[in-house]
Amino acid sequence: MHFKEYSSLLIVQQDTIVTVTLNRPVALNALSSQVIDELDHVLDIVGAAIAGGAWPCRGMIITGAGEKAFAAGADIREMTGMSPDQAWAYSTRMQALTLKLESLPVPVIAAVNGFALGGGCELAMACDFIYAATRAAFGQPEVSLGLVPGFGGSVRMQQRMGLARARELLYTGQRITADEAHRLGLVNALFDSQEALLTGARRTLLMIAGQSPTAVAAVKSTMRRVEGHSTSRGLEIEAESFREAFRTADMQEGTRAFLAKEKPAFPGC
Ligand code: CAA
């Protein structure tokens with residue numbers, strides 16, 4: 001995959017894992033319109049490359065540059081000059097990006113190395129799951145600015161930790177430690193250092209990359225499609241996905257290899 005030079009992102013491709021680093025450390029990696037546009041561009045390139053059928057990317061890590069922040073939120077400086085309608089456009093633009101992230105057919109891990117506040121926490125929650133360094137901190141401090149979450153926090157925080165806990169976090173605007181976020185289920189795993197964090201995220205993505213890519217993509221999309229539905233409708237959606245899996249060469253190969261006691265060589269279709 002060929003990425004252009006970005007002014008606010010660093011992209012590293014290693015094996016089939018793409019690491020995207022938010023790179024505006026002077027503003028604690030705040031999510032300016034430019035960062036959002038550049039992230040959007042990266043997702044388009046990755047999405048198009050996978051749609052091409054070659055699976056050049058099997059997983060993505062999103063992290064922040066520097067020791068201090070994953071992302072300290074929406075860009076407050078940029079927001080002060082916005083009209084209400086421009087604020088709406090800014091919000092819907094970033095929301096569209098979070099939906100694009102969720103529709104990517106490969107897993108995305110947010111490797112949260114420092115502050116993940118406001119829009120930063122919302123970006124992390126749009127990833128499949130969150131790993132964090134022990135020094136990381138999370139929160140939705142919008143109420144302290146006279147604001148409400150604009151990049152999906154009102155929706156995804158309650159999905160992650162339940163309504164009552166999400167309400168408390170959003171009403172108080174309080175910041176929580178990585179340890180607390182782990183206890184509340186926002187964070188899957190904690191790591192002592194930035195290096196261990198990235199190694200841990202990479203290890204998990206490589207483990208997933210050893211599975212059938214069509215099956216992983218189908219599980220991701222099924223789990224997303226069942227959200228918000230009744231149990232019975234969710235089960236119908238799951239059965240439809242199960243049927244589709246039987247049309248794939250990966251399913252033929254996976255079951256054949258199991259019975260032959262061999263390692264599967266998934267064709268990815
Ligand atoms: N937007 C723009 N610039 C930001 C920023 C943000 N969200 N967060 C930090 N910065 C800038 C600061 O203005 C400062 O720049 P200068 O050196 O030019 O003054 C620089 O980054 C370093 O920040 P601090 O000096 O404040 O660093 P600190 O260590 O003292 O504090 C912090 C760190 C606690 C994260 C603090 O910077 C902070 O509270 N930031 C704002 C967090 C926040 O409120 N985020 C929510 C934004 S609203 C939102 O995201 C809405 C939404 O849902 C879309």
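Whatever order the structure lists ligands and atoms in, that order sets their numbers, starting from 1. Since the structure is predicted, the reported quantities are computational estimates derived from the model, not experimental observations.
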For the aromatic rings, using the six-membered ring if either is Trp, is the centroid distance between Phe138 and Phe70 under 6.0 Å?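 For Phe138 and Phe70, the ring centres are not under 6.0 Å apart.
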
Query - Main-chain N/O of Phe151 paired to Glu122 side chain as donor or acceptor, under 3.5 Å - result: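 It does hold such a pair.
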
Taking the side chain from Asn113 and the backbone from Gly66, do they hold a donor-acceptor pair closer than 3.5 Å?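 Yes; judged by distance alone, with no hydrogens or angles, the pair exists.
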
Protein non-hydrogen atom found under 4.0 Å from [atom]:
| atom | value |
| --- | --- |
| atom 34 (C) of ligand 1 | yes |
| atom 48 (S) of ligand 1 | yes |
| atom 52 (C) of ligand 1 | yes |
| atom 31 (O) of ligand 1 | no |
| atom 24 (P) of ligand 1 | no |
| atom 16 (P) of ligand 1 | no |
| atom 12 (C) of ligand 1 | no |

I'd like to know if [X] contacts ligand 1, where contact means a heavy-atom distance under 4.0 Å to any ligand atom.
| X | result |
| --- | --- |
| Pro141 | yes |
| Met94 | no |
| Met79 | yes |
| Leu31 | no |

With a cut-off of 6.0 Å (strictly less than), are more than 12 heavy atoms of other residues, nucleotides or ligands near [atom1] of [X]?
| X | atom1 | result |
| --- | --- | --- |
| Glu262 | CD | yes |
| Arg165 | CZ | no |
| Gln86 | CD | yes |
| Glu238 | CD | no |

Short N/O distance, under 3.5 Å, between [X] and ligand 1?
| X | result |
| --- | --- |
| Val148 | no |
| Leu147 | no |
| Gln140 | no |
| Ala74 | yes |

If hydrophobic clusters are built from ILVMFWY residues whose side chains come within less than 4.5 Å, do Ile17 and Ile45 share one?
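No, no single cluster joins them.
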
Distance from [atom] to nearest protein heavy atom, with residue and atom:
| atom | answer |
| --- | --- |
| atom 28 (P) of ligand 1 | Lys68 NZ, 3.6 Å |
| atom 36 (C) of ligand 1 | Leu28 CD1, 4.5 Å |
| atom 38 (C) of ligand 1 | Leu117 CD1, 4.7 Å |

Please determine whether salt bridge (Lys or Arg N to Asp or Glu O under 4.0 Å) holds for the pair Arg243 and Glu240, giving the CA-CA distance in whole Å, both sets of side-chain angles, and the decisive distance to 0.1 Å. CA-CA 5 Å; Arg243 176 173 53 201; Glu240 285 156 17; 5.4 Å; no

- Report the distance from atom OG of Ser212 to atom CD of Glu253, rounding to the nearest 0.5 Å.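 Those atoms lie 10.0 Å apart.
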
Using 30° and 60° as the class limits, which term best fits the ring planes of His41 and Tyr6: parallel, tilted or perpendicular?
->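 Perpendicular, since the angle between the ring planes exceeds 60°.
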
Should the proximity of Arg175 to ligand 1, defined as any heavy atom under 4.0 Å, be assigned to the side chain, the backbone, both, or neither?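 Under 4.0 Å from ligand 1, Arg175 contributes side-chain atoms alone.
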
* Considering only heavy atoms, does Ala30 approach ligand 1 within less than 4.0 Å through its side chain, its backbone, both, or neither? ->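 Ala30 to ligand 1: side-chain contact only, backbone stays beyond 4.0 Å.
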
Nearest heavy-atom pair of Met82 and Ala87: which atoms, and what distance?
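Smallest interatomic distance, heavy atoms only, reads SD-CA, 3.8 Å.
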
**Request:** Look at atom 43 (C) of ligand 1 and find which of Gly118, Ala69, Ala87, Ala72 reaches it with the closest heavy atom.
**Result:**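 It is Ala72 that holds the nearest heavy atom.
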
| query | Considering Ala27, Gly119, Gly173, which one's heavy-atom position lies nearest to atom 5 (C) of ligand 1? | reply |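 Checking each option, the heavy atom nearest atom 5 (C) of ligand 1 is found in Ala27.
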
| said: Could you tell me if Gln158 and Arg167 have a donor-acceptor pair between their side chains, going purely by distance under 3.5 Å? | reply: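 No.
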
